[in-house]
Every structure is written in structure tokens, then in C-alpha cells.
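A quick note: this is a predicted structure, and the numbers were derived from the prediction, not measured. The sequence lines fix the lettering, A, B, ..., with proteins before strands; numbering per chain opens at 1.
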Number of protein chains: 2
Amino acid sequence: MRSQVHSSTQMAGEPTTMSRENLSRTERKDLTRASLVRAALHLIGEGRSFTSLGIREITREAGVVPNAFYRHFGNTDELGLALVAEMGQTLRRLLRQARQTGQAQDVDLLRRSVQVYQAYVKLNRLLFLFISSERSGGSRTLRVAIRHEVSHFTSEMAQDFRRMSDYSDLSTAHLQMICGLVVTTMLAAAPEMLDLPEDQPLLEAEMTETFVQQLRIVLLGAANWRPKANRVGSALHP
Amino acid sequence: MRSQVHSSTQMAGEPTTMSRENLSRTERKDLTRASLVRAALHLIGEGRSFTSLGIREITREAGVVPNAFYRHFGNTDELGLALVAEMGQTLRRLLRQARQTGQAQDVDLLRRSVQVYQAYVKLNRLLFLFISSERSGGSRTLRVAIRHEVSHFTSEMAQDFRRMSDYSDLSTAHLQMICGLVVTTMLAAAPEMLDLPEDQPLLEAEMTETFVQQLRIVLLGAANWRPKANRVGSALHP
DNA sequence: CGCAATTGTGTACAGTCGTGCACTGAATGT
DNA sequence: ACATTCAGTGCACGACTGTACACAATTGCG
């Protein structure tokens, strides 16, 4: 009942370029490693959740034999860590682009940033799908790795906030807290954007509007907010 | 190598009371059905993610034979829907309690509500673990069910907001948007609270403080916020 | 040049999975 | 009282899984 490809070694995933020659061994290795990562992402795109992916499933999609997996990762979690690392780079790129977009004097910085974000989410659909589901779903290892990456992202954003006049007199911890709120809102919006049907620009525009309003409220609240004296330790500010 | 329980039919999960007699047939059925649900929750508590749970796994934990599962659910997703329904009830209880807690004139309504919420999350640990991971992780069916339940919760909260003087002059859609932000923040906080080590009251207090501050910012922003004219359709308010 | 290292292959095994089918025994409706 | 319904059992099957082991081929270092 199943097609049972009779052992043709080629026809791998998609090596992006038809090249498999003139490459050093390490280059070849990194290439199939990348194809494993891509295979996992592709399966996520098909609706499978990363946690439930199996080694055989991934290697089949990547066009290699199951055992080859172990030449690159000890288990699926390690592959997940590779995906997390990729997400880290993506987030850094996003922040950089948002920064230079914001540098040009803009009438509506927030809205512009939201558009950049939205474009990024759509462009890196599978990656955001991955982190959305594994952020509180999968193995503990993966969760802490993602959380670490996200908090790093939050810190960078906090540094950007420091340069903005409305928030420059807040303590680092408070900036972190505020950016945490912003990031939470952003990450929560991602899966909703991804679940949207492709051919419904109205819904999308409506969602964007809601998203912009929410962030505006957060920023407005943050600008008007003054920390109260009673902190948790309450020993600060003697 | 495995213990191979030699077919003792009893020793089911934990029927909560040692009773299995003096019950009508439908009562017995609902009882094992409940034990299936409990089994799934228990497995979630062990660190497994619901999506990756198998029928055999669940029935084994529940102390019934695999086939018995089909007398209650057609597949694991249907069991998930039962869990979602339970979450709905839990959320409604939460809102009711927060409401009556808030009715007493309180110097700090928000902080009190946060404490109620925190207590609820801890009390219904497994349920919140479930929704946190399946909200953007599992099958589409489950996701939309959860999202539906959450939006219902948001609506109820919006109605409560309507009675508060600071927000009573906002449109329903705007209230929904604001409460959506609040709910997002709440739901994002849940998994972090649950991942916290039990014996670290300092960390927990710190997290609570951050959480309170974030919500305060949201509420402050919402109170000071006035919607701009350019809505998405822009045909309203002629 | 030649040998060691390493990437990917093929085969194999034990275990788990979902689920179909025939069955049992007790509660239920008449 | 009897026939029926039906929750739960037992067994079976085929498909799929992770991974251990031996092997092939080729690259890169001495």
C-alpha cells in the first residue's frame, strides 16, 4: 500500500543547490545536518508538533537513513536546540531591522515596528510556529533554552528603550519588566497571525489594528507609570 | 525485564473513593471516563505533553484495557476537548471568585486578584499545564477549542470592566481588546509560575511583583488611552 | 602514498502503538 | 422473567519506532 521507494540514494530533501560535489567533508556534513534541520521545520509546517517528531520521520523527510541522524545529534532535543539557536539569530536580525527602520524619523514608529515584526513572522513562519508550540510545550531542556533566548531578546530591547526619552529614567529592572510585557504580547500574537487564513486581508488588518492598540496601551502605561516604593526586598532606596 | 502485572483486573488508577459498587451503569461509566481524564492529566504532570500521549499510555495509567478507551472517546483529541471543557469551568470559577473578592472594598484590588489567580494556577496545576502547552502546540481542533474558551473568558472579563468607572466609556470592542491583553499576560505568566521550583519563595515573590507591575501598566495605559479615529474600516463614525 | 577517521548505508531486533473482532457478565427495560 | 444493551476484556495483527552492529566509501592527515 505504501510506495516503498526502492532504495534510490539520491532525491534528498532539497539541497537548495543541486550540488553535492566539489565539497569538503565538513561542508558535506554541515549540508546534511542542515537538511535534517530543514526536514524538521518542514514537518512542523505540515502541522506536526516538534515534540512528537521521531528520528525516522525526520530522516525520511531529509532523505537519509535513520542512523545517519546520530552523526549529527544525540536525540531530537539536540536538533531542537539547533532550531532555538536559529531563532536567536532571527530575533537579533529582527531587532536590528526594527532599529534602523525606527532611526528614520517616522510619524508612527510603533505601527512601523509592528509591520516589520509581522513581515518577519510570515517570512520565518516555521520557526515561529516551532517556538510558539515548544515555548511551553515540549521538553524542559528546550523550554529553558527558548526562555533564555527570549530573555536575551528582551534585554536588547530594553537597551533600545533606554535611548528613548519617555523611558530613559527607569531602572534596568523596570525596563526589563516592561519589555517583558511587550515581548509577551508579541509572542502571543505570532501564533494567531500564523493561524490566519491566507486569503483574508480583512481579518489580518483587524488583527494588526488590535495588536497595535495593545502595544500602544502598554507603552502609554509604561510612560505614565512610576514605581511604588514597596519593592519585594524593600531594602533598596534607603 | 518489565514487571508484567499478571492480569489482576483491579488496582485501577485511584477511584478517589474505594467504591465500585452500588452504582448504576451510567455512574460506573462516568467514573472510568473520569479516571481516563485524570490519567491523562497525571501523565501531563509527569512531564509528558498531551499531544504525545497515546491511547495505550492513558488506559494503562487509568487501569483499564486499551480498547475500553473507545467506549468514551473516539480519539485522544476528544479527550482533550473534555479537558478544555474542564478548563472552561475552572476559568469561570476563577472569575466568580475574583469578582466577589473584589466586591469587598479593597485598597489594592489588582494585587488581590493576582493572588487569587496565582492560587488558582497552583491549585489546578495540571490543567494550566495542559492549556499552556496545547494553546499553540497540539492539534488544530484543540487549539480552536481552547481559543474559543479563552475568548469567552475574555468577554466575561470585559463585562466586569464595564462596571468599573475608569473604563466604562469604552466601546465593547475596545474593552475586548484590553481584556485580551490582560488575559494574554495572565496566560503567559502561568507556565512560568508552574516551572518555578517549589522551595524558592523569593523567586516567586519577585515574579509576583513583576506580574503585578505589568498588569498595573496595562490598566494604567488602558485608563489613559483614547482610541484614535482611523479604524480599520474607517467607515464607522460617519 | 597509505592509513585512520568519519559519514552514510543496510540489516536486524525488540518494543510500542492503534485498532478490529469476538467475547463476557452485569445492569437495564419490558 | 427474560431478552437486550453495553462497558470492559482478551487476543491478534500490521505498522512503526529507536537504536545497536557491521560495513562501504571517501576524504584528509601523517
Side-chain angles (χ1 to χ4, degrees), chain A residues 1-13 15 19-37 39-40 43 48-80 139, chain B residues 1-13 15 19-37 39-40 43 48-80 139:
Chain A
M1 192 56 88
R2 299 181 39 253
S3 52
Q4 182 72 3
V5 180
H6 24 281
S7 81
S8 61
T9 331
Q10 64 286 22
M11 194 198 150
S19 68
R20 262 283 171 179
E21 307 173 15
N22 296 3
L23 294 176
S24 84
R25 185 141 72 183
T26 58
E27 283 172 324
R28 282 167 183 266
K29 176 167 183 179
D30 290 5
L31 209 143
T32 69
R33 186 192 140 108
S35 91
L36 284 172
V37 174
L43 287 170
R48 318 267 302 98
S49 95
F50 176 82
T51 315
S52 69
L53 289 185
I55 288 180
R56 284 187 117 101
E57 205 173 355
I58 296 172
T59 53
R60 196 184 310 133
E61 176 75 25
V64 286
V65 89
N67 256 323
F69 185 89
Y70 296 108
R71 303 291 184 190
H72 305 272
F73 309 100
N75 48 51
T76 46
D77 265 15
E78 279 189 27
L79 206 177
S139 71
Chain B
M1 190 57 88
R2 297 180 44 252
S3 53
Q4 182 72 1
V5 180
H6 24 279
S7 81
S8 61
T9 330
Q10 66 284 24
M11 193 198 151
S19 68
R20 263 283 172 179
E21 307 174 15
N22 296 3
L23 294 176
S24 84
R25 184 143 73 182
T26 58
E27 284 173 322
R28 282 167 183 266
K29 175 168 182 178
D30 290 5
L31 209 142
T32 68
R33 186 192 141 107
S35 90
L36 284 173
V37 174
L43 287 170
R48 316 267 305 96
S49 97
F50 177 82
T51 314
S52 69
L53 289 186
I55 288 180
R56 285 186 117 100
E57 206 173 355
I58 296 171
T59 54
R60 197 183 310 133
E61 177 74 25
V64 287
V65 91
N67 257 323
F69 185 88
Y70 296 109
R71 301 291 182 190
H72 305 272
F73 310 100
N75 49 48
T76 46
D77 266 15
E78 278 189 28
L79 206 178
S139 73

Given atom [atom1] of [X] and atom [atom2] of [N], what is their separation to the nearest angstrom?
X: A/Glu61; N: D/dT17; atom1: CD; atom2: P; answer: 13 Å
X: A/Asp77; N: D/dG18; atom1: CG; atom2: C1'; answer: 15 Å
X: A/Arg48; N: D/dC16; atom1: CZ; atom2: P; answer: 13 Å
X: A/Glu27; N: C/dG8; atom1: CD; atom2: P; answer: 13 Å
X: B/Phe73; N: D/dG8; atom1: CZ; atom2: C1'; answer: 15 Å
X: B/Leu31; N: D/dA7; atom1: CG; atom2: C1'; answer: 12 Å
X: B/Arg60; N: D/dT9; atom1: CZ; atom2: C1'; answer: 17 Å

Side-chain N or O of B/Arg33 less than 4.0 angstrom from OP1 or OP2 on D/dA7?
-> no

Establish, with yes or no, whether the OP1 or OP2 oxygen of C/dT7 is under 4.0 angstrom from a side-chain nitrogen or oxygen of A/Thr32.
-> no

Sequence-distant partners of [X], side-chain contact (heavy atoms from CB on, under 4.5 Å), two or more places apart:
X: B/Thr26; answer: B/Ser24
X: B/Asp30; answer: none
X: A/Thr59; answer: A/Leu36, A/Ile55, A/Val64, A/Pro66, A/Phe69

Scoring nucleotides 19-30 of chain D by protein non-hydrogen atoms under 4.0 Å (B base, S sugar-phosphate only, - none) yields BBB----BBS--

Taking for B/Val65 and for A/Leu53 the nucleotide of DNA chain D with the nearest heavy atom, the one nearer the 5' end belongs to B/Val65

Here the gap from B/Glu61 atom CD to B/Leu53 atom CG, rounded to the nearest 0.5 Å, amounts to 10.0 Å

Measure across A/His72 and A/Arg33 and return the closest heavy-atom pair with its distance rounded to 0.1 Å.
-> ND1-CB, 3.4 Å

When all nucleic acid strands are considered with a 4.0 Å heavy-atom cut-off, which category describes A/Val64: base, sugar-phosphate, or nothing?
-> sugar-phosphate

A/Asn67: side-chain hydrogen bond (donor to acceptor under 3.5 Å, both in side chains) partners, not counting sequence neighbours = none

Under the side-chain hydrogen bond (donor to acceptor under 3.5 Å, both in side chains) rule, collect the residues that match up with A/Arg48, sequence neighbours excluded.
-> A/Ser52, A/Glu57

Closest nucleotide of DNA chain C for A/His72 versus for B/Glu57: which of these residues is on the 5' side?
-> A/His72

